Amino acid sequence: MGNKGKDGSALDLRYLRMARIWSENSYCTRRQVGALVVKDKMIISDGYNGTPSGFENICEDENDVTKPYVLHAEANAITKIARSGNNSEGATLYVTDSPCIECSKLIIQAGIRRVIYAREYRLSDGVDLLRCAGIEVKCLPIEGYE
């Protein structure tokens with residue numbers, strides 16, 4: 001198996017690639033984002049950005065602006081946990097893009113302890129808040145994914 005740190009990074013990359021594949025479920029045209037919540041090496045939840053249940057799957061308006069009610073991938077994954085018998089205490093969130101400040105608040109409240117993401121978002125306030133809360137945050141770029 002090799003050294004533990006290396007195996008951990010390889011596992012992180014695998015889950016992050018899975019989150020990227022999951023993002024392909026999004027109907028958003030401007031940016032597709034995917035998220036997985038993993039606890040004890042089990043995926044306990046998943047999410048991608050999109051409209052709430054029961055709404056048509058169109059994320060942008062006629063001016064290509066994201067509609068205000070579109071849910072982020074992290075919010076979808078976390079709220080899915082709330083509807084299940086699972087809990088996210090001590091879990092890791094794998095997300096294709098660094099979390100915004102609103103999702104970071106949910107991540108903190110959900111008890112998630114690690115956040116691994118592939119792409120930097122233009123704003124860093126979400127990542128800054130996570131670090132301030134003592135959550136391990138790591139950018140792990142995926143090859144060919146800018």
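This chain uses plain numbering: 1 for the first residue, then up along the sequence. Since the model is a prediction, treat every value here as computed from it, not as a measurement.
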| said: Around atom CD of E60, are there more than 12 heavy atoms from other residues, nucleotides or ligands closer than 6.0 Å? | reply: yes
| note | To the nearest 0.5 Å, atom CZ of R114 lies from atom NZ of K138 at 5.5 Å
| query | What are the two closest heavy atoms between L36 and Y15, and how far apart are they? | reply | CD1-O, 3.6 Å
| field | Nearest heavy atoms of C28 and V70, plus distance in Å | value | SG-CG1, 4.2 Å
| Side-chain contact, heavy-atom cut-off 4.5 Å: I135 with V115? | yes
| For the atom pair CD (E102) and CG (L71), what is the distance rounded to the nearest 0.5 Å? | 12.0 Å
| task | Would you please test R20 and I142 for side chain to side chain contact (heavy atoms under 4.5 Å, CB included) and show each step? | result | CA-CA 9 Å; R20 180 187 60 197; I142 300 173; 3.0 Å; yes
| task | Tell me, with the steps shown, if L140 and Y117 meet side chain to side chain contact (heavy atoms under 4.5 Å, CB included). | result | CA-CA 6 Å; L140 203 56; Y117 64 92; over 6 Å; no
| After noting the C-alpha distance and the side-chain angles of I43 and V37, does the key distance pass the side chain to side chain contact (heavy atoms under 4.5 Å, CB included) rule? | CA-CA 6 Å; I43 297 169; V37 180; over 6 Å; no
| query | L129 versus K105: any side-chain heavy-atom pair under 4.5 Å? | reply | yes
| Residues D12 and Y94: side-chain donor-acceptor under 3.5 angstrom | yes
| request: Please report the shortest heavy-atom distance between I112 and A91, naming the atom on each side. | output: CG2-O, 3.4 Å
| Side-chain heavy-atom pair V33, H72 within 4.5 angstrom cut-off | no
| field | Steps toward side chain to side chain contact (heavy atoms under 4.5 Å, CB included) verdict (K67, C59) | value | CA-CA 6 Å; K67 293 178 179 176; C59 299; over 6 Å; no
| request: Identify the heavy atoms of T96 and Q32 that sit nearest to each other, and give their distance. | output: OG1-O, 4.1 Å
| query | Tell me, which pairs form a salt bridge (Lys or Arg N to Asp or Glu O under 4.0 Å) where one or both residues lie in residues 29-48, sequence neighbours left out? | reply | R31-D97, D46-K80
| field | Nearest non-hydrogen partners of Y121 and S98, listed with the distance | value | N-OG, 2.8 Å
| task | Would you give the length of the straight line joining atom CG of N76 to atom OG of S45, rounded to the nearest 0.5 angstrom? | result | 8.5 Å
| task | Tell me whether I108 is reachable from V95 by hopping between hydrophobic residues (I, L, V, M, F, W, Y) whose side-chain heavy atoms are closer than 4.5 Å. | result | yes
| request: Would you indicate whether the side-chain heavy atoms of T92 and I116 approach each other to under 4.5 Å? | output: yes
| message | Tell me the closest heavy-atom pair linking G126 and S104, and the distance in Å. | response | O-OG, 2.9 Å
